[in-house]
Each structure stands twice: as C-alpha cells, then as structure tokens.
Protein chains: 2
Amino acid sequence: MIRFSKKIEYALGTLQFLGLHQNTPISARELSIKLKIPYEFLSKTLQQLARSGIVIANYGIKGGYHLAKKPSEIHFSDIIDALDENASVVDCVDGLEASCERYNYCNIKNPLLELQSKIFELIRSTTLEDLLKDFKSTKFDVANLDC
Amino acid sequence: MIRFSKKIEYALGTLQFLGLHQNTPISARELSIKLKIPYEFLSKTLQQLARSGIVIANYGIKGGYHLAKKPSEIHFSDIIDALDENASVVDCVDGLEASCERYNYCNIKNPLLELQSKIFELIRSTTLEDLLKDFKSTKFDVANLDC
DNA sequence: TAAAATACGATTATTTTAATCGTATATTTA
DNA sequence: TAAATATACGATTAAAATAATCGTATTTTA
C-alpha cells in the first residue's frame, strides 16, 4: 500500500479551503464543521502547519488560520514534512543499517532509491495551486463550502 | 505516509533473487532463510505471485519457484496488483462516493487523481529488470546470496 | 510411498493511524 | 478589564491496517 494518510488528506482539503478564502482567517472549529473533520485532530494538524510556516495562526475572538504564503509556494513536500510524515518507499533507502534487520541480505535499496527520487520530485513539484486552479471543474457542494 | 508495505518489500527482494537464478526453482523455505523473511508470510506472498502468473510454482521434492516471465516484463504495478495492494493516494480518487463519508464536502479528488496517475506511471514503468541491471554496484553480501 | 514441496483458511500479535480528552495559554473586543 | 473565543499541546484511548503464525490439506517426484 502506498497512500496518503488521513492527516495529509485533511491537511490538503483544509489548505485548499484556506486558499479559497485567503483574506479572512477561519477558525479550526469552523473548518472542522465545514469540512467534516474531527475538531481535535484537525486542530493539531493546523498547529503543525503553523509551526512550519505554512499557515499563520491568529488568536482571539476573531481569530483563525490563514495561508502564510502564496499557494504556488506551498509544495506538497512541504506539507508532508510539516506533518512529520515519512514519504520514503521503504525504510532502508536512507542508507541506515539500523533501519532494517535484513539490511545485509537485501539488495533492493539502490534501485528503489531511484524510484523514490522520482516520486519525491512529483510530490515536490505539486503545489497548493494545483488544488485550486481547476477548482470549478470539480463536483462541488457550493452550499457547504460557502463560496 | 506513502510507502511500500513489508509484503511488497519482501516480494521485490524475492523476485530479485529469483531473477538472479532464473534456471533453477528455489523453494520458499530456502528463500525465507537466505533473505531472512518469515517463512509462512513469504510462502503466502509467493502463492499470490504464482496465481497472478508472475512466478511459476513447482511441486515435489525438487520443487520451488521460478520467474514466469522475463524481468523486463514484470512491472512493479503487476506485483502490487498481484499482492492485492492498493496504490491509490487517497480512497476517493476512484470516484466512488462510498469511499469516503466526506465525499461531498471535499474537493481534492480531481487534482489528486492527476498526481496519482503520474505516480502510477512511474510504478508501471519500473520493472524487475531495474532491480537487476546495476546489481553489482550495490553493497552485496555474496556469501549469503550464494552467487 | 515417503519426503519435500506448495496451498490456503483462520487466528493472533504488533504496529500504525486516527480520534479523543483535559488543561493551559493567548488575544480581542464589548 | 473581564469574558468569550481562539490556539497549544501532552497524554490517553480506540480503531484499523499490517505482519506474523498456526494447522491442515494437497501435490509431485525421487
């Protein structure tokens, strides 16, 4: 299995939403309701994104989160890093023997490293802008997303 | 997180080994010892590969497994399919509403589908040959792999 | 015909991921 | 300036996915 976690999925949907409302901060509570994401979980995810400078947190009664950068400057790889998610296809590709007890009996490292580099490049070159640009072409529940 | 499961990792190492010994069938037992992979687990994995026509099983006292095709004809995507592993970056990309309760509130499907297609293409275009061709350049425990 | 192999359903263990809980802290605005 | 509304975050629990194991049946060949 090779897939994005729910956390990444939530982050992408949330950042897309923030990208559609770049002027006003939106609270974690509102985001969790609009996007049907468990509040506590989303809240933590937003904190991680804030720590990494992807979004900015505004405290207070009219607070919330807004994007810290232009969508074109937010790479998927940044998001994955911010969430402490590992994107390596297998553990041993980092060259650390400790990563796998079979390290000395297994020889798929180098070829897989090549494949991984290509996947990384794809992930790096995809940005939040890609989640926004052809937005209108998607099936979209306008009422729920309030735009 | 976006990574290959242990099962895929085991399958790749095993197929690489079989690719280095294409003339003689090698038993699941021997493979499990040489590659330090739990026997029962590997055994099942090999059965799946056999059902999908990637390897051929030979019963009997001098039986074992050998590749059913040339390494260049064994695509990583075939292997992933054979092992019933899902390679979609998120569930909803298949267009099935049932795949996610948030289906109607979330609009990351189409853009992610694009990214996924590119990842699929990478996985499809990588073959067992890629695990074999620059084999000698890898750090390789010759004694253990008996070649 | 016995040894050595594959076949496979079922179960258990482990790990990872996801969700929740509780409490503390910061900011704004009425 | 105090109350309301936010964020911050460690700790715990729940759920799901992955990995490993067990037991038994079947097939082939030396």
Side-chain angles (χ1 to χ4, degrees), chain A residues 1-11 13-14 18 24-33 35-52 54-66 68 80 82-88 90-91 99-102, chain B residues 1-11 13-14 18 24-33 35-52 54-66 68 80 82-88 90-91 99-102:
Chain A
M1 186 177 285
I2 174 162
R3 57 161 59 260
F4 287 148
S5 66
K6 274 289 177 194
K7 188 194 265 190
I8 294 176
E9 193 181 318
Y10 291 161
T14 302
L18 293 179
T24 43
I26 306 174
S27 73
R29 181 69 64 186
E30 184 179 354
L31 287 165
S32 87
I33 293 170
L35 299 171
K36 308 274 193 224
I37 298 171
Y39 169 72
E40 287 85 0
F41 195 80
L42 176 59
S43 188
K44 263 194 180 165
T45 303
L46 283 164
Q47 287 160 33
Q48 287 186 292
L49 294 173
R51 271 197 293 272
S52 295
I54 292 172
V55 299
I56 291 172
N58 305 106
Y59 278 49
I61 197 166
K62 283 208 165 184
Y65 294 91
H66 67 274
I80 292 173
L83 303 179
D84 288 321
E85 297 264 333
N86 189 340
S88 54
V90 289
D91 280 330
S99 63
C100 180
E101 33 162 354
R102 298 169 50 261
Chain B
M1 185 177 284
I2 175 162
R3 57 161 58 260
F4 287 147
S5 65
K6 274 289 176 196
K7 187 194 266 190
I8 293 177
E9 193 180 318
Y10 291 161
T14 302
L18 292 180
T24 42
I26 305 173
S27 73
R29 181 69 63 186
E30 184 178 354
L31 287 165
S32 88
I33 292 169
L35 299 171
K36 308 273 194 224
I37 298 171
Y39 169 72
E40 288 86 359
F41 195 80
L42 176 59
S43 187
K44 263 195 180 165
T45 303
L46 283 164
Q47 287 160 33
Q48 288 186 292
L49 293 172
R51 271 198 293 272
S52 295
I54 291 172
V55 299
I56 291 172
N58 304 105
Y59 278 48
I61 198 164
K62 283 208 164 183
Y65 294 90
H66 67 273
I80 291 172
L83 303 178
D84 287 321
E85 297 264 332
N86 189 341
S88 54
V90 289
D91 280 330
S99 63
C100 180
E101 31 161 357
R102 297 169 50 260

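Chain naming here is simple, since letters A, B, ... match the order of the sequence lines and numbering starts at 1 in each. Keep in mind it's a predicted model, so treat the numbers as computed, not measured.
Rounded to whole Å, the distance from CD on A:Glu30 to C1' on D:dA4 is 17 Å. Atom CG of B:Asp84 is separated from atom P of C:dG9 by 12 Å (rounded to the nearest Å). Going from atom CG of A:Leu42 over to atom C1' of C:dA19 covers 12 Å, rounded to whole Å. One atom, CZ of A:Phe4, and another, C1' of C:dT16, lie 18 Å apart when rounded to the nearest Å. Whole-Å rounding puts the A:Arg29 CZ to D:dA4 P distance at 16 Å. Distance NZ (A:Lys7) to C1' (D:dA16): 17 Å, rounded to an integer number of Å. One interatomic measurement links the two molecules: CD of B:Gln47 to P of D:dA20, which rounds to 16 Å at whole-angstrom precision. Counting to the nearest Å, the P atom of D:dT18 and the CD atom of B:Glu85 are 7 Å from each other.
Remark: A:Arg51 is in phosphate contact with D:dC9, judged by side-chain N or O atoms under 4.0 Å from OP1 or OP2. The side chain of A:Tyr65 places an N or O atom within less than 4.0 Å of a non-bridging phosphate oxygen (OP1 or OP2) of D:dA8. Close to D:dA19, at under 4.0 Å from its OP1 or OP2, lies a side-chain N or O of B:Ser5.
Shown here for B:Ala82 and B:Gln48, the closest heavy-atom pair between the two residues is O-CB, 3.7 Å.
Contacts of B:Tyr65 classified as ring pair (Phe, Tyr, Trp, His ring centres under 6.0 Å), with partners at least two apart in sequence or in another chain: none. A search for side chain to side chain contact (heavy atoms under 4.5 Å, CB included) contacts involving B:Tyr59 returns nothing, not counting sequence neighbours. Every residue two or more places apart in sequence or in another chain that forms a side chain to side chain contact (heavy atoms under 4.5 Å, CB included) with A:Ile56 is listed here: A:Asn58, A:His66, A:Ala68. Under the side-chain hydrogen bond (donor to acceptor under 3.5 Å, both in side chains) criterion, B:Ser32 pairs with no residue at all, not counting sequence neighbours.
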How does protein reach along nucleotides 21-30 of chain D, written 5' to 3' as B (base within reach of a heavy atom under 4.0 Å), S (only sugar-phosphate), or - (no contact)? BB----BB-S

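The partner of D:dA30 is C:dT1, by the rule that a Watson-Crick or G-U pair needs both atom distances under 3.5 Å.
Set against D:dA6, C:dA18, C:dT6, the side chain of B:Ala28 has C:dT6 as its closest nucleotide.
Residues A:Ile8 and A:Leu83 form a side-chain contact, since some pair of their non-hydrogen atoms from C-beta on lies under 4.5 Å apart.
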List the atom pairs, donor and acceptor, that lie under 3.5 Å between side-chain atoms in residues 40-47 of chain B and the rest of the protein, sequence neighbours left out.
{"from": "B:Ser43", "atom 1": "OG", "to": "B:Gln47", "atom 2": "NE2", "distance (Å)": "3.3"}
{"from": "B:Thr45", "atom 1": "OG1", "to": "B:Phe41", "atom 2": "O", "distance (Å)": "2.9"}
{"from": "B:Gln47", "atom 1": "NE2", "to": "B:Ser43", "atom 2": "O", "distance (Å)": "3.4"}

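As judged by a 4.0 angstrom heavy-atom cut-off over every strand, A:Ala50 is placed among residues making no nucleic acid contact.
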